[in-house]
K.L.:
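I'd like to ask you about the structure that follows.
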There are 2 protein chains.
Amino acid sequence: MRGNVFAVTVELVVLTVRDDELSVLLVRRDMAPHAGELALPGGFVRPQEDLLDTAARELAEGTGLALPGHHLEQLGSYAAPDRDPRGRVLGVGHLALVPAGSLGAEPVGGQWYPVDATGPLAFDHAAILADGVERARAKLEYTTLAASFCPEPMTVTQLRRVYEAVWGVSIDPRNFNRKVTSTPGFLLPTEERTSSGRGRPAQLFKRGPATVLHPPMLREPPAQ
Amino acid sequence: MRGNVFAVTVELVVLTVRDDELSVLLVRRDMAPHAGELALPGGFVRPQEDLLDTAARELAEGTGLALPGHHLEQLGSYAAPDRDPRGRVLGVGHLALVPAGSLGAEPVGGQWYPVDATGPLAFDHAAILADGVERARAKLEYTTLAASFCPEPMTVTQLRRVYEAVWGVSIDPRNFNRKVTSTPGFLLPTEERTSSGRGRPAQLFKRGPATVLHPPMLREPPAQ
DNA sequence: GTCGCTAGCGTCATTCTGACGACAAGCCGG
DNA sequence: CCGGCTTGTCGTCAGAATGACGCTAGCGAC
């Protein structure tokens, strides 16, 4: 096993939808290597920690967000031999989806950036971010994860704006309404309605128990 | 970084369809720990190797199969603190799909087992196997990966048997035929037909350039 | 030839979706 | 108070895709 010695880190792709834009939480590095550059939050796995434990701890330390209550899943591992100048470091990317406004405007030690306007990132974090964004986009098709981006309770329009922001498309409100309200367990209706704001008050919903969306809500196939 | 020291292995879930059964390549361990038990093939990542390089090398060593030409993708990482009694070992699971008959009946140093009749496996390999099988089942829905299980050239019936074996369902041959032949780029027709065998000769196809299947071919949603 | 088998075409009803029209129910400015 | 604006919600209709299934084509076995 000599030579097969790695340090293992967890990197977090924390996504939210702010101002109708899919955004990612980035931190500015204050230590070498890549000091001063933007990077995904993350850190080293501790001796007795499992990967998701590390990810949840880093999420809490970096943002104050606690599990359970937020979606967190593993994306994959990145281990190119030259990805870290300090030596052999394997990074395990994770994806977290959090509702808008669950952090202050300026979260602890980080800042929100639209996912397609981050500029260059440290290490191979741009690739990890791209994989996380693509995972999120794909999962909206066949799961109910979009609701994880919305605070509770939510309106159908809020949920639709999530899809529109994540996919970068516009969706017909009437067809979207039909789809999500006719999918059992996606949205649980409450008796309440929005009180203020322009237009007709909207019914408020909570997240339902369903996790899969069948049949799925398909994007147009990415032009090949 | 003291304490954050891992050995990193790659584990392979090599799947094929043999005799209408989804099967996995397993090896019997000859060294401790777990000597004598069945396990996924795999091994340690070498100092200058990337993960997919290691996986491709182990695939070649264990089966004689060479990339390119076979599907290989990363599944995810497994790093529970107690998953290996030798110490902290992070395993990166990979999924490979190979056509039936591309190995001899008894591949080098391994043997095929139906995925739901393996018995217990060493380490946490049962969990990795389960994740690999579920990944394969899901990907048949929205990609053209099923063709990776078929030798070239293939018939539509061979492809249908792959779906039936992987999903454990039966599919109407006529509807299946309509679906796969009307999807541009899934199957490229050739001028040849099967020569021997019972029944009417079938047209032979090669794999087309398409990788995604749109619209997808949906399984019944797993009963929740 | 006739039977059994597999391949592959066509038909029809149902479901789901995209593209709308229409109305409901609040605010706002006169 | 009233008409316009905004947003939410229901309904209609055509087209696409699918599930169920009839029917014929073309081979080997007998």
K.L.:
Sorted by first residue and then second, give each side chain to side chain donor-acceptor pair (under 3.5 Å) pair with at least one member in residues 115-125 of chain B; sequence neighbours left out.
P.N.:
Arg83(B)-Asp124(B)
K.L.:
Quick one: Arg193(B) CZ to dC27(D) C1', roughly how many Å, whole number?
P.N.:
11 Å
K.L.:
Could you check whether Arg174(A) and Asn177(A), counting side-chain N and O atoms only, form a donor-acceptor pair closer than 3.5 Å?
P.N.:
no
K.L.:
Would you say dC27(D) has OP1 or OP2 under 4.0 Å from some side-chain N or O of Arg198(B)?
P.N.:
no
K.L.:
Looking at CG of Leu22(B) and CD of Glu164(B), how far apart are the two atoms once the value is rounded to the nearest 0.5 Å?
P.N.:
13.5 Å
K.L.:
Do the ring planes of Tyr163(A) and Phe176(A) sit parallel (below 30°), tilted (30 to 60°) or perpendicular (above 60°)?
P.N.:
perpendicular
K.L.:
Can you check the Gln158(A) CD to dT7(D) C1' distance for me, whole Å?
P.N.:
13 Å
K.L.:
If you pin Met217(B) and Arg200(B) to their nearest nucleotides in DNA chain D, which one's is more 5'?
P.N.:
Met217(B)
K.L.:
I need the residues from residues 162-179 of chain B with at least one non-hydrogen atom less than 4.0 Å from DNA chain D; give them sorted by number, or say none.
P.N.:
Asp172(B), Arg174(B), Asn175(B), Arg178(B), Lys179(B)
K.L.:
Let me spell it out: for each of Pro216(B) and Pro201(A), pick the nucleotide of DNA chain D with the closest heavy atom. Which residue's pick is nearer the 5' end?
P.N.:
Pro201(A)
K.L.:
If I take atom CZ in residue Arg160(A) and atom C1' in nucleotide dG8(D), what distance separates them, rounded to the nearest angstrom?
P.N.:
9 Å
K.L.:
In terms of the nearest nucleotide of DNA chain C, which residue is placed more toward the 5' end: Phe205(B) or Gly199(A)?
P.N.:
Phe205(B)
K.L.:
Over all strands shown, is Thr157(B) touching base, sugar-phosphate only, or nothing at heavy-atom distances under 4.0 angstrom?
P.N.:
sugar-phosphate
K.L.:
So which of Phe186(A), Phe149(A), Phe205(A) actually passes side chain to side chain contact (heavy atoms under 4.5 Å, CB included) with Leu159(A)?
P.N.:
Phe186(A)
